[in-house]
Amino acid sequence: MATYSRQLLSGSTSGTPIPVAATATPGTLLHTAIAGASAYDEVYLWVSNVTGSAATLTVEWGGVSDPGSHMTKAYSIAANSPPIAIATGQVLNGGLLVRAFSGTASALNVTGYVNRIQ
């Protein structure tokens, strides 16, 4: 029988928002998925823009190839936005990385969690 446990994003400190500082690939580390192939992380991400200007978001999902590893590419996030859902339970394992970059350094903050299923 599978067990579920809620985990913080590995790129976060105590669950605090992760500022997207990177402006190009490879992006700012958001999460490292569980290693192996028999368990997986169900990932939930929200992004908010904490500045007065729109900013773009690219989420790299498990790799950095363009466009094959992009969950979103140059997605425009409105100025002063509330949290917007970006990943809504997509799964990843194998120790792969979830990263993000923006056209504007530190304009976007990412929050979220994973449900680890083992």
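If you read the sequence from its start, that first residue is 1, and numbering goes on from there. Only this structure's heavy atoms are used, side chains among them; waters, hydrogens and symmetry mates stay out.
Listed by first and then second residue, the ring pair (Phe, Tyr, Trp, His ring centres under 6.0 Å) pairs that reach into residues 20-45 are Tyr44-Tyr113, sequence neighbours excluded. Pairs engaging residues 47-56 under the side chain to side chain donor-acceptor pair (under 3.5 Å) rule: Asn49-Thr51 [sequence neighbours left out]. For the side chain to side chain donor-acceptor pair (under 3.5 Å) condition, no pair includes a residue of residues 89-105, sequence neighbours left out.
Within the 4.5 Å cutoff, the side chain of Asn109 has heavy atoms near those of the Pro19 side chain. Residues Arg116 and Thr3 fail the side-chain proximity criterion, which asks for heavy atoms closer than 4.5 Å.
Taking NZ of Lys73 as the start and OG1 of Thr58 as the end, the distance is 7.5 Å to the nearest 0.5 Å.
In terms of modelled atom types and a separation under 3.5 Å, the side chain of Glu60 and the main chain of Gly27 share a donor-acceptor contact.
Residue Ala107 comes nearest to Ala55 through the heavy atom pair CB-CB, 4.0 Å, listed as atom of the first residue, atom of the second, then distance. The minimum heavy-atom distance between Leu97 and Thr32, with the atom names listed, is CD2-OG1, 3.2 Å.
With sequence neighbours excluded, the residues that form a side-chain contact (heavy atoms from CB on, under 4.5 Å) with Ala2 are Tyr4, Ile117. Qualifying side-chain contact (heavy atoms from CB on, under 4.5 Å) partners for Ala85, counting only residues two or more places apart in sequence or in other chains: Trp46, Thr88.
In this structure, Val114 belongs to a hydrophobic cluster whose other members, linked by side-chain heavy atoms under 4.5 Å apart, are Leu9, Ile18, Val20, Leu30, Val43, Leu45, Val47, Leu57, Val59, Trp61, Met71, Tyr75, Ile77, Ile84, Ile86, Leu92, Leu96, Val98, Leu108, Val110.
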